[in-house]
Amino acid sequence: MSAAHRVIRPSWTCTADGLPWPCTEAQRILRNSDLAMLRQTMAKLMAIAQGELDDTDPAALYRRFLAWTLESDQRCALCGSRRHAAIPGVPPRLIPCDGLRAANTTGELPE
Ligand SMILES: [Zn+2]
Ligand SMILES: [Zn+2]
């Protein structure tokens with residue numbers, strides 16, 4: 001029987017193993033849900049975590065909360081990277097993409 005891997009706030013650690021949440025097991029469980037919905041949920045959580053955690057690097061937060069929710073063949077529409085993609089509803093500043101940042105400073109938001 002496995003314990004539920006839930007988040008403890010504001011430390012953002014896992015109730016079951018004390019690892020930074022979402023731990024590998026939490027990710028595995030969460031990936032069984034609808035990925036588009038999951039991305040939206042994780043994006044919201046990431047924004048909250050950014051406010052509650054000290055010493056947070058946006059790129060590290062992105063990997064922790066969102067990178068694993070992308071489809072395996074999903075690529076960034078702007079720079080072609082497989083490590084991130086623009087996600088609807090996610091503020092561009094939370095996505096570690098130089099192409100997105102450049103587009104954002106010129107006032108053009110990508111679709
Ligand atoms: Zn866990
Ligand atoms: Zn990119």
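Counting starts at 1 for both ligands and their atoms, following the listed order.
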Measure the acute angle between the ring planes of Tyr62 and His84, then classify it against the limits of 30° and 60° as parallel, tilted or perpendicular.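 The rings of Tyr62 and His84 stand perpendicular, inter-plane angle above 60°.
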Taking Arg75 for the side chain and Ser81 for the main chain, is one N or O donor matched with an acceptor at less than 3.5 Å? no
Next on the checklist: Apply side chain to side chain donor-acceptor pair (under 3.5 Å) to residues Arg93 and Gln50 and explain how you reach the verdict.
Outcome noted: CA-CA 12 Å; Arg93 66 186 166 81; Gln50 194 183 38; 3.2 Å; yes
Among the N/O/S atoms of His5, the Zn ion (ligand 1) lies closest to ND1
| Basic-acidic side-chain contact under 4.0 Å: Glu71, Arg39 |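 Yes.
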Point to revise | Qualifying residue for side-chain contact (heavy atoms from CB on, under 4.5 Å) with Pro22, from Arg6, Met42, His5 | key: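 Looking at Arg6, Met42, His5, the match for Pro22 under the side-chain contact (heavy atoms from CB on, under 4.5 Å) is Met42.
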So the angle subtended at the Zn ion (ligand 1) by Cys14 atom SG and Asp17 atom OD2, rounded to 10 degrees, is 120°
Under 2.8 Å from the Zn ion (ligand 2), the protein N, O or S atoms found are Cys76 SG, Cys79 SG, His84 NE2, Cys97 SG
Note to self: To the closest 0.5 Å, what do you measure between CG (Asp57) and CZ (Arg63)?
What the structure shows: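 Going from the CG atom of Asp57 to the CZ atom of Arg63 covers 7.0 Å.
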*Supply the atom-to-atom distance Leu53 CG to Leu61 CG, rounded to the nearest 0.5 angstrom.*
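Here the rounded value is 6.5 Å.
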